[in-house]
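So the structure is just underneath, and the comments pick up after that.
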Amino acid sequence: MSNTEDIAERKMQFLFALRSKGVTDKRVLTAMENIDRGPFIRGHFADRAYEDTPLPIACGQTISQPSVVGLMTQALKINPRDTVLEVGTGSGYQAAILSQLARRVYTVDRFKRLATEAAAIFRQQDLTNITTLIADGSFGLPDQAPFDRILVTAAAEDPPGPLLAQLKIGGIMVLPVGQSNTVQSLIRVTRSEFGYDYDELRPVRFVPLVEGLGRDTE
Ligand code: SAH
């Protein structure tokens with residue numbers, strides 16, 4: 001098989017896996033077709049970039065499984081004019097998908113190394129509507145708040161209060177909730193003028209949301 005055929009075949013299998021796991025939103029599928037997961041994975045796992053599996057990245061973290069990225073993105077119901085906050089940049093892959101669907105994306109990680117490497121890929125891929133910051137995202141980004149959508153890609157025991165407060169009325173936040181090292185629940189929080197509504201979406205497994213900045217030697 002030639003190289004081009006090989007790539008086309010892998011892409012087809014990648015999209016097929018997403019659809020069969022319930023990613024059906026056309027805009028989300030198009031975004032995931034346009035953003036190549038390859039550049040976000042380094043080292044000897046690079047050749048597994050198109051498998052529907054989570055993979056290790058630097059600083060002891062993981063890049064999420066593509067179908068989970070798709071399902072979380074779909075659950076956010078992003079509108080083209082939205083400003084989105086992602087807590088947990090990691091490899092930057094999820095932020096890159098969000099950048100295709102929203103007007104502006106702010107993404108934060110507690111590890112300087114992860115934020116810096118992700119920002120370099122965004123520049124290289126011309127994803128100019130993403131702002132990458134190093135911060136403890138459990139406090140949100142008060143200077144840029146409020147947000148139309150918030151996505152947390154690390155598990156907290158409860159939805160962090162500052163993130164709930166930084167959600168616009170009519171806004172949606174998707175996050176895994178539960179203890180680390182166990183199965184957690186993916187939750188969707190919708191803010192209305194009367195308060196917050198909670199939906200439980202599916203079981204997931206994420207690395208924990210950790211307080212404070214990370215040391216890059218970790
Ligand atoms: N969305 C990522 C995967 C996230 S892994 C991707 O597409 O690759 C979870 C990330 O959350 C890790 O990089 C971890 O450093 C980060 N994280 C954990 N606690 C955090 C906190 N309090 N603030 C910001 N980032 C945090």
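We count residues from 1, following the sequence as given. In each ligand, atom 1 is the first atom listed, and ligand 1 is the first ligand listed.
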### Query
If you measure only the distance, is there a donor-acceptor pair under 3.5 Å linking the side chains of Gln65 and Thr53?
no

### Message
Below 3.5 Å, N or O to N or O, backbone or side chain included: is there any such pair between Val210 and ligand 1?
### Response
yes

## Note on the structure
Between Ser64 and Val69 the two heavy atoms that sit nearest each other are CB-CG2, 3.8 Å

### Query
Taking the side chain as C-beta and beyond, is there a heavy-atom pair between Leu85 and Val87 under 4.5 Å?
yes

### Task
Would you check, one step at a time, whether the test side-chain hydrogen bond (donor to acceptor under 3.5 Å, both in side chains) holds for Asp143 with Tyr106?
CA-CA 11 Å; Asp143 291 347; Tyr106 291 93; over 6 Å; no

### Location of contacts on Cys59 toward ligand 1, heavy atoms closer than 4.0 Å
neither

### Query
Considering distance alone, does some N or O of Gly88 sit under 3.5 Å from an N or O of ligand 1?
yes

### Summary
Interatomic distance, CD@Gln100 vs CD1@Ile130, rounded to 0.5 Å, equals 8.0 Å

#### Entry: Partner of Arg104 by side-chain hydrogen bond (donor to acceptor under 3.5 Å, both in side chains), out of Asn129, Thr83, Thr131, Thr128
Thr131

### Query
So is Ser64 polar-close to ligand 1, meaning N/O to N/O under 3.5 Å?
no

### Message
Test your reading of the structure: does Asp109 have an N or O sitting under 3.5 Å from an N or O of ligand 1?
### Response
yes

### Query
Of Ile63, Thr89, Ile41, which has the heavy atom at the shortest distance from atom 2 (C) of ligand 1?
Thr89

### Summary
At under 4.0 Å between heavy atoms, what of Ala95 touches ligand 1? The answer is neither

### Task
Please test Thr190 against Asp197 for side-chain hydrogen bond (donor to acceptor under 3.5 Å, both in side chains), starting from the C-alpha separation and ending with a verdict.
CA-CA 5 Å; Thr190 309; Asp197 290 321; 5.9 Å; no

### Message
Taking distance alone, with N or O pairs closer than 3.5 Å, would you say Gly137 contacts ligand 1?
### Response
yes

#### Entry: Structural part of Glu86 in contact with ligand 1, heavy atom criterion under 4.0 angstrom
side chain

### Message
Strictly distance-based, threshold 3.5 Å: is any side-chain N or O of Gln184 a donor or acceptor partner for the main-chain N or O of Pro203?
### Response
no

#### Entry: Sub-4.0 Å atoms of ligand 1 with respect to non-hydrogen atoms of Ser91
6 (C), 7 (O), 8 (O)

### Query
Which bit of Thr62 is near ligand 1, meaning a heavy atom under 4.0 Å away: side chain, backbone, both or neither?
backbone

### Message
Tell me the contacting part of Leu114 for ligand 1: side chain, backbone, both, or neither, using a 4.0 Å heavy-atom threshold, strictly below.
### Response
side chain

### Task
Kindly check if the number of other-residue, nucleotide or ligand heavy atoms within 6.0 Å of CZ (Phe16) is above 12?
no

### Query
Which ligand 1 atoms are under 4.0 Å away from a heavy-atom of Ala135?
23 (N), 24 (C)

### Task
Report the distance from atom CD1 of Ile63 to atom OH of Tyr93, rounding to the nearest 0.5 Å.
7.0 Å

### Message
Considering non-hydrogen atoms of the protein only, which is the closest contact for atom 18 (C) of ligand 1, and what is the distance?
### Response
Pro208 O, 3.6 Å

### Query
What part of Val207 sits under 4.0 Å from ligand 1 if we count only heavy atoms: the side chain, the backbone, both or neither?
side chain

### Message
Show me which atoms of ligand 1 lie under 4.0 Å from any heavy atom of Asp136.
### Response
21 (C), 22 (N), 23 (N)

### Task
May I ask you to test the Gln94-Thr73 pair for a side-chain heavy-atom distance under 4.5 Å?
yes

### Task
Would you mind running through ligand 1 and noting each atom that sits below 4.0 Å from a heavy atom of Phe111?
15 (O)

### Query
Parallel under 30°, tilted from 30 to 60°, perpendicular over 60°: which one fits the rings of Phe40 and Phe122?
tilted

### Message
Give me the nearest non-hydrogen protein atom to atom 7 (O) of ligand 1 as residue plus atom name, then the distance to 0.1 Å.
### Response
Gln94 N, 3.0 Å

### Query
Hey, looking at atom 26 (C) of ligand 1, which of Gln61, Arg113, Arg110, Met72 has the closest heavy atom?
Arg110

### Query
Which protein non-hydrogen atom lies closest to atom 4 (C) of ligand 1, naming both residue and atom, and how far is it?
Thr153 OG1, 3.4 Å

